[in-house]
Amino acid sequence: MRLPTLRSLLLATALAAAPSAHAADKPASLGLGVFTFLSGPAAAYGLPGKQGAELIIEQINAEGGIGGVPVAATFVDEAQGAEGVISEYRRLAESDSVEAMIAALSSGNCLALSPLATQLQMPTIAWNCDTHQLFLKDASSYYFRPNGNTVAEFVAYVVYFLEQHPDVQRVAIINPDYAFGHDAASIVKAALAALKPDVEIVAELFPKLGAATYQTEISRLSASRPDVIFSNLWGGDLENFVRQATPRGLFRQSTVVLALGETVLQSTDLPEGTIVGVLGDGWWRSPDAQRIGKAEAFAEAYEEKYGSYPVFPTMKMANSILVLKAAYEKAIEANGGEWPSQEQVAEALKGLTVETMTGDVTLREDNDGVVDQVIGTVGSEGDLPSIADMARFDGAALLPPAGEDPIAWIETLTPAFLEGQPKPGSYQ
Amino acid sequence: MSSQATSAAPLLQASGLEISFGGVKAADGVNLTVHEGEFVAIIGPNGSGKTTFLNICTGYLKPSRGQVFLAGRDITQLPPRSIARQGIARAFQIPQLFTDHSLIDNLMLSIAARHGIWQALSPLDRPEYRAEAMEILELLGLAAHADTLTGTLPEGLRKLADITLAFALDPRLLVLDEPTSGVSSIERFQIMETLMKAMRSRKLSALFVEHDMDVVERYADRVVVWNAGHVMAEGRPAEVMQDPRVLESVVGVA
Amino acid sequence: MLQTVAPLLMDALANAALIFFVAFGLTLTFSVLRILNVAHGSFYSIGAYVAASAGLFIVGAGLNPWLTYPSLILSAAAVAALFGPLVEKTLVRWTYGRGEAVQILMTFGLFLILEDLQRMVFGVNSLYEDTPMALLGITEIGGVVYLNYQILLIALAALTLVGLRIFIRHTRTGRLLHVVVADREVSEAMGIDTGRMFTLAFTLGVFLAALGGALATPTTGVAPGLGAETMVLAFAVAAIGGLGQVEGAALAAVIVAAARVLAIYFAPELDAVAPYLVMLVVLLVRPYGLFGKAAVRRI
Amino acid sequence: MPKPLIGLAAGVALLAALPLAVPFMTFVVTLAVAKGFAALGVALLLRAGLISLGHAMYFAIGAYTTAFLMQKTGITDFAILVAASIIVATLAGLAFGAFLVRYRAIFFAMLNLAVSMVIYALCSKLYGVTGGTDGLRVGVPTVFAWVPEKAAFDTFLLYATLGLMLVLGWLGHRYLKSPLGHALAAVHTNEVRLEYLGVSAWSTLLTAYGISAGLAGLGGALSAMAIGHVLPEFAFWTESGHLVLTAVLGGVGGVAGPFIGSIFLELVHVVAVGVAAEAWNLIIGVALICVIFFLPRGLFGLIEGRRGKTGGTDL
Amino acid sequence: MLKVENLDVEIAGVDVLRRVSFTLTAGAVTVLVGRNGAGKTTTLRAIMGLLPWKGGRVEVDGTELGGLPGNARAGIGLGYAPEDRRLIPDLSVEENILVPGLARKMPAPELKQRLDEVYDLLPQLGTLRARPAGGVSGGQGKIVALGRALMIADKVLMLDEPFQGLAPALALDYARTLQRCHEQKRDIAILVTESTPKLLDAIASDTLLLERGEIVRAEP
């Protein structure tokens, strides 16, 4: 049982956290509020994130912390709903026990927190929410997303499977019934319409988020005989779907694209040929990760500590904290070695480019991160989770310019767009 | 028209009422009239449809055929609340009280209902309601129990309390369903005596179902004998009680 | 024709079988105890957790995989034996004869407690154990592959319905239960140990919920939050059938399942709302459910 | 000054002063009182013996009305937003109530649940209107000609909420003591007699239902402004369960009960999050069962003592 | 046969019975009279264990009832017909009568024999046996309730207000039936609460007058 750890952490944080009223004073520790799903079906995705935060903070502290200050995290469960998340955010911010936040996992919570970050002048890093709505509505000077955006992510998937299966005619979509699922479906449909107009969408299903059984959906998908099934199901839902669909032959019948498939590589037997990938570049075994040379050690330490290898939410979380670390270091330097104020940290985050464990990330002018997309197919390689036939898509090429309507931007693409894109297997 | 022709106008008039439950006719062409100021008793064997008749007159049931008039106005299809507002108040075989309220609150609610319930911001407990309620309680000898929760009153008193609620509506016709059943023989006449006095003082008409022949003989102006969903005999108590059919089916031969 | 209808029918029945047990338990508890047990869904998820854990143990210990079958039933029985009498005697018994508000709140409190207890005991990660499903293989119907386990579930649900009907109508205990349902006090005066009957009925309800959960594990994962989801679905099914109506629950399970299947096939947007829309429509037309009767008040 | 009034004054003064000492309590207290309005609505119906397992829908309707008006019509005035939310929620309450209040007991509870689940589904489906599962953002309202900063508005919102609590609490108190309020309790104990007194149980209940929906809508509007975001979860059935729980915990015997319950719960929450975040539901569940066992009149009953026997609804 | 000693019962904090004592003997009919609210029904319900006692003891043939659960009364031979009949409406008349036998787990032959005995005593039931109990009239229902009580009344038969709500003719009929029971079952004690004692004059052996929860007069 992991819960006592959480409790002791909370207590430790409460005791250790010192007020940072005078930004110039170096605090005893750098308090960090970390928001993720710790319970409910979404915890299957949120918990690896939390563990990633624990491990990377442990490693940062072992190397002397950030600017000589150890980091102490307070974890908040997003499963309590927006209202609870917001009151926790405010409580942490206004109680002066934290200086920065890593929040949040769910898009709804990110949308709710971003104006709050500005209001409370709290540098906040969205570690996972990918919704393209986030920075469309209003700009926030304290809210940053150094990772994926749904547009880049799902356009990349469409490009990948079109290149791998050029004669695709029938496509089915099964996504969770909430904004993330619907957004992804509209992006996929728009991209298909632009890149391969003769493709027919034969089924479009949106099972309830957290649904336990997908049997009817599987029958329906099976009956509509699609060439490709696209899905951005995730967490417990994805695991459920894979385990129910595999014995019923769905993976033999069609090519299945699981946008968040990397997270279940270790827990389920995904049939070979299934297209999987990570949202962003957070694949710890990618060539770039190996080139940078930190991810593998991190993964081994992670396996040692938690009994399984990291999944991409783990890497996203760790990378987010590394981005924050870089921002603090930049701000300290800019501040002449003095501990920075929260305003200075936010300033440092603007336009920052950081080399994370898996690649480069650049925060562009609207605070959205430009990140490459790594996609491949399920491979077989010993005991380690593996992805073959990889392609790495340039994040900047797949992202609509800041402030532009993403769907309208996708509609401007043409089949010729495919030619300039990396091919499956090109990333080695 | 009954043998006892009265000069008073008919207050309640039921004509040709029919209703059946699962094939059994509980009312089969019933005609019955109550005149202004009259006390009419209904007697009859169990299950002959007496309570059903009261239920039709007060709107709880709708007859499949026939009509009920109150002072010439057709009330057949009206719900109980409209009929109550037209001037028929009812007391029940099983007392129907607001058991979580004190007796006086019960009565004040009844009085408030008469004045119009749509008062959301002025209190129920106001002097004029309280005075009127106490007056009724004193009339029926319940003043000592004014502050008792009606749920905790003993059965006999609850019966009486139920009647006071009907009283407080200041009706033209009071309908009573077995006012003395469940009341011990020791108290029966006492209660009826109080009741009759109160009714006379308010010039009420009454229609009541009763099993106790002594009570009927003493207090009813007219008796209607019920049998298997129709009126078998009707008239002055002393006459009706001599009818051999009535003797056999209702009163019983010792 | 058959090609297209067969999968629809098969999906509807398989779906119905999954919700049948838990809805049936809810309605049974209500019919005897007159209590709407809000914690009923928790017993479903606890049954699922215990069954999945037991299955994982059997597989992990290298025992005969067919042992997972009896373990499904035994898990449900164990949950019922532990929680049924305990909860009935300590909490539920206290609410008899009090208002619905107390009953609903008491069981809502229990629901909150059980949700956290499950999280503490079983953790927050999903549990999967699909050995029983894997043992049975697959069948193709109308061009769609189905699991034989799904077909087994349909048969089990039908068998349970018939079995419980016989129990209620034709056994001594069943008849006495009927009397207890109609009039508690008279039952007591006639010599029926009503306390025992209540415990029995409640435990049977818990068993059915836990069994529903246990039988679902071979095809679905168990994760926190399952109880709350199942609860509303069971509510809807029980209400559509008429609270306390055993056959009603069975028919309602099929109707709700069919509505969801039709939604998924023809109007996916309506999938999540389907059970509630059916419930609203049914209750508007028949306020007390398909098989329910209004209580007529004698005055 | 009678004793209960002194207690009331002390309680409100404490609530007003608390945020001065602990700044983040501004939000906690505002939210607690806002939810108290919704719980009061639920408590009104509980007096009539009706338990609504769907009242969170009116809370959500109020919240969405505020969010929608701000985002789609540009209306930002606090008073207009609050009034509009109350009106929309009340109208919705009257529309659904017209058929819901025909039912009693479990059936009432379940039908409310069903309607609220449909509303919940609509909130997450109607992207154009509700923003889907991402919900809608609520900006900082204006107050007449004043365009406040968020922090200043939060302070204003707290005192406005407390003021509304006093005004509506007083009106609610008058309502419960009035003939119409007593008729509500009378529906619970004897509907047949009420009808035979010439009072329509349906209209009595519908009035109460409309009021309770309006109160929930007000709570939703205030919460939306405090939180700054509205989500479909506001309408989920467990939220409705929590509203009932809040009402019962506080006590439905008087107007103060639901507010006491709500403030108590929020405070326990603040403490529990630091000490035993993972056992939050468990703590509330145990507290609820203890209240049912030992304090049938709720926390309010504890304060109230044994005063006022009649008309008080024990659960 | 049945001995009540100093029975005290309290309902919602109010003393309803105060030191009630009396004895029932086999073959005798005891009538308990009194005003409403005097405690007649309460006495029967307390003996049947449907209400808790505050003090006192009740013995049946030397068996103390105090420690036994309510449902054990029927098992030791107390038959009880409540005032409002309380039949199970959707069971047939015969099924209703059989209920106490089933509860006592009587073997089939004994059930049959006792049922025949009840039909002998109450021939009115013969024609009703297959009718649903919900469909019989009030007067008939009283007879069914009597039959149901007789099914297990090996020692004591207790009838609460049997004439209540019966039209006079039916009441007379019921009184005659009761007399027949009394004559044929001399080995059981009968206790009747009644507000119209004249109907029972013919068979009453003892009359107890209950006032405000106390027995104020007992006359043989």
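In what follows, chains are A, B, ... by sequence order, proteins preceding strands, each numbered from 1.
- We find the CG-CG distance between A:Asp177 and C:Asp271 to be 7.5 Å, quoted to the nearest 0.5 Å.
- Interatomic distance, CD1 of C:Ile138 versus CZ of A:Arg248, reported as 10.0 Å (0.5 Å rounding).
- Of all the heavy atoms in A:Ser222 and C:Val145, the pair that sits closest is OG-N, 4.5 Å.
- Listed here is the closest heavy atom pair of C:Ile264 and A:Glu217: CD1-OE2, 3.3 Å.
- Across every non-hydrogen atom of C:Val144 and A:Ser219, the tightest pair is CG1-CA, 3.9 Å.
- Ranked by heavy-atom pairs shorter than 4.5 Å toward chain C, the options A:Gln253, A:Gln244, A:Arg243, A:Arg225 are led by A:Arg243.
- Listed here is the closest heavy atom pair of A:Asn240 and C:Gly221: OD1-N, 2.6 Å.
- Proximity to chain C is limited to the backbone of A:Glu204, based on heavy atoms less than 4.5 angstrom apart.
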Starting from the C-alpha separation in whole Å, work towards a yes-or-no answer on side-chain contact (heavy atoms from CB on, under 4.5 Å) for C:Thr219 and A:Gln215. CA-CA 9 Å; C:Thr219 57; A:Gln215 301 292 0; 3.5 Å; yes
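- Contact record, A:Pro247 with C:Leu147: CB-CD2, 3.8 Å, taken as the closest heavy-atom pair.
- Contacts of C:Glu115 with chain A are absent, with no heavy-atom separation under 4.5 Å from either backbone or side chain.
- Of the two parts of C:Tyr146, the backbone and the side chain both hold a non-hydrogen atom closer than 4.5 Å to a non-hydrogen atom of chain A.
- Residue C:Leu8 does not touch chain A at all, counting heavy-atom pairs closer than 4.5 Å.
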Step by step, would you call A:Arg220 with C:Asp11 a side-chain contact (heavy atoms from CB on, under 4.5 Å)? CA-CA 9 Å; A:Arg220 167 88 165 90; C:Asp11 280 322; over 6 Å; no
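- More than 12 heavy atoms of other residues, nucleotides or ligands shown are found within 6.0 angstrom of CG on C:Asn148.
- At a 4.5 Å heavy-atom cutoff, the contact between C:Met133 and chain A is made by side-chain atoms alone.
- Note that the CG atom of C:Asn15 and the OG1 atom of A:Thr213 stand 6.5 Å from one another [nearest 0.5 Å].
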